[in-house]
Amino acid sequence: MSVHRVTALVLPGQSTFELASAAEVFGLRRPGLPHGYEFAVCTERPGAVPTLAGYDMLVGADLTALDAADTVIVPGRHDPARHAPPAVIDALQRAHGRGARVVAICSGTFLLAQAGLLSHRRATTHWRLAGELAARFPDVEVEPDTLYIDLGDVATSAGTAAGIDLCLHLARTDHGAAYAAHVARHMVMPPHREGGQLQYSTGAVADHRPTETLAPVLDWATERLHQPLTLDALAAQANTSPRTLARRFADQLGVSPGRWLLQQRVAAARALLEETDLPVETVAQRVGLSSATNLRRRFHALVRTTPAAYRRSFGHREQSTDSPIRVSRTSPRGTAP
């Protein structure tokens, strides 16, 4: 496994949670997991950098640290409307120009927009700041309800927990689903939330009755991915109508039942491609996608590569068993960030 160098760029008034999220995913070595990342932090002027939490953090590296980074992460900032110093903008543009992936968490998206990295491109940020981002940078295609957007060379996320989702997504892209799932287990996090899921927001709630959790039906479905599963079958298991179940999925997961089910099937396929040498046709049948042709089409739509190419990149070629695969479900929504 090649080691990927990740460097976080911090500025005075630094948000601590977003920085800690990146450090947790990319900066810690975990038992039983190959060393996949080198993590560093830099700033324009090394020394004490004030944070929003009332303490200073000591940063020893300057902006030249970005010259060696494979990925540059810009965590949230206290004052996104404040224009960054020219040296910071130049360093970001230089890193992106030589091929580094540049990632923004929460209000860090404003800094990428200032650097011109989001011109005529899709981006997101915390829902509370989306209107301001769109007003200040009208050439950016702001998606206010999206958890995260990965364009390959540039990625942006919403606030707080969505930053963790994006970091785990990047770990999955770099080192495979099994690696990212291992990190997520240590963090006691669901291994994967799709970037297209909705952000949390503080809209008016007309009905204050408690919402019944989807957890039992999600567990039931993930144990039966190899079987045909219809909306009617899921609704019957949840003891509700298909229309009510679809509404619960939209409320708690931000996706339709069909979309969620497809995500679980592709996640199971990724695990089998990484951990077994089963033929693609067999993998397709094991995860309920019926044929290799259907698996290739669905897999490419979600993962942006073919099953064969994915296996070449992340497969461990371990001996397979005949037991059905079980993947961790995406947890229902909790509280707003």
Side-chain angles (χ1 to χ4, degrees), residues 6-19 21-22 26 41-45 49-52 63 65-67 69-167 169-170 173 195-201 337:
V6 177
T7 301
L9 169 61
V10 300
L11 297 169
Q14 180 60 50
S15 174
T16 56
F17 185 92
E18 284 77 4
L19 175 61
S21 299
F26 303 118
V41 179
C42 74
T43 190
E44 182 187 14
R45 295 185 177 88
V49 177
T51 72
L52 298 181
L63 295 175
L66 300 182
D67 294 337
D70 299 307
T71 292
V72 175
I73 294 186
V74 181
R77 301 176 60 200
H78 170 58
D79 185 6
R82 184 177 181 180
H83 206 281
V88 172
I89 298 296
D90 290 343
L92 276 178
Q93 292 173 337
R94 187 169 61 250
H96 181 261
R98 65 170 177 77
R101 178 174 61 191
V102 182
V103 178
I105 299 175
C106 193
S107 55
T109 301
F110 283 76
L111 187 53
L112 270 60
Q114 291 176 19
L117 304 185
L118 300 177
S119 181
H120 305 293
R121 309 188 77 183
R122 297 164 53 233
T124 192
T125 187
H126 192 286
W127 58 265
R128 183 176 57 84
L129 300 172
E132 181 181 351
L133 179 65
R136 290 192 58 208
F137 302 98
D139 60 337
V140 177
E141 299 173 17
V142 179
E143 297 187 7
D145 293 325
T146 303
L147 281 180
Y148 60 84
I149 297 172
D150 179 12
L151 302 178
D153 61 320
V154 170
T156 56
S157 85
T160 317
I164 300 176
D165 291 319
L166 175 56
C167 290
H169 162 79
L170 296 175
T173 299
Q197 290 189 31
L198 299 179
Q199 293 186 35
Y200 307 94
S201 62

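- Evaluation of the side chain to side chain donor-acceptor pair (under 3.5 Å) rule for S15 yields E18 as partners, not counting sequence neighbours.
- Residues satisfying the salt bridge (charged side-chain N to carboxylate O under 4.0 Å, His left out) criterion with R121, sequence neighbours excluded, are D153.
- In terms of heavy-atom proximity, Q14 sits nearest to L9 at OE1-O, 4.3 Å.
- With sequence neighbours excluded, the residues forming a side chain to side chain contact (heavy atoms under 4.5 Å, CB included) with T51 are T16, A53, Y55, M57, listed by chain and number.
- Heavy-atom minimum distance, P138 versus A135: CD-O, 3.8 Å.
- I164 CD1 to F17 CZ: the interatomic distance, rounded to the nearest 0.5 Å, is 4.0 Å.
- A22 meets the side chain to side chain contact (heavy atoms under 4.5 Å, CB included) test with F26, F39, I73, C167; sequence neighbours excluded.
- If you take OG1 on T156 and CG on L166, they are separated by 7.5 Å, rounding to the nearest 0.5 Å.
- When the side chain to side chain contact (heavy atoms under 4.5 Å, CB included) test is applied to D150, the partners found at least two apart in sequence or on another chain are A155, H169, L170, T173, R304.
- The shortest non-hydrogen separation linking L19 to A8 is CD1-CB, 3.7 Å.
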Please tabulate, for side-chain N and O atoms in residues 105-120, each donor-acceptor pair with protein atoms closer than 3.5 Å (sequence neighbours left out).
residue: S107; atom: OG; partner: R77; partner atom: N; Å: 2.7
residue: S107; atom: OG; partner: R77; partner atom: O; Å: 3.0
residue: T109; atom: OG1; partner: C106; partner atom: O; Å: 3.1
residue: T109; atom: OG1; partner: T124; partner atom: O; Å: 2.8
residue: Q114; atom: OE1; partner: A84; partner atom: N; Å: 2.9
residue: Q114; atom: NE2; partner: R82; partner atom: O; Å: 3.3
residue: S119; atom: OG; partner: D139; partner atom: OD2; Å: 2.9

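- Among pairs with a residue in residues 100-109, those fulfilling salt bridge (Lys or Arg N to Asp or Glu O under 4.0 Å) read R101-D174, at least two apart in sequence or across chains.
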Evaluate side chain to side chain contact (heavy atoms under 4.5 Å, CB included) for H83 paired with I89, printing each intermediate quantity in order. CA-CA 9 Å; H83 206 281; I89 298 296; 4.3 Å; yes
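- In this structure R45 satisfies the side chain to side chain donor-acceptor pair (under 3.5 Å) test with no other residue, sequence neighbours excluded.
- A search for salt bridge (charged side-chain N to carboxylate O under 4.0 Å, His left out) contacts involving D67 returns R94, not counting sequence neighbours.
- The side chain to side chain contact (heavy atoms under 4.5 Å, CB included) test applied to A87 returns E44, L63, not counting sequence neighbours.
- Proximity of D165 to S157: side-chain heavy atoms (C-beta onward) are nowhere separated by under 4.5 Å.
- The two residues L66 and C42 have their closest heavy-atom pair at CD2-SG, 3.6 Å.
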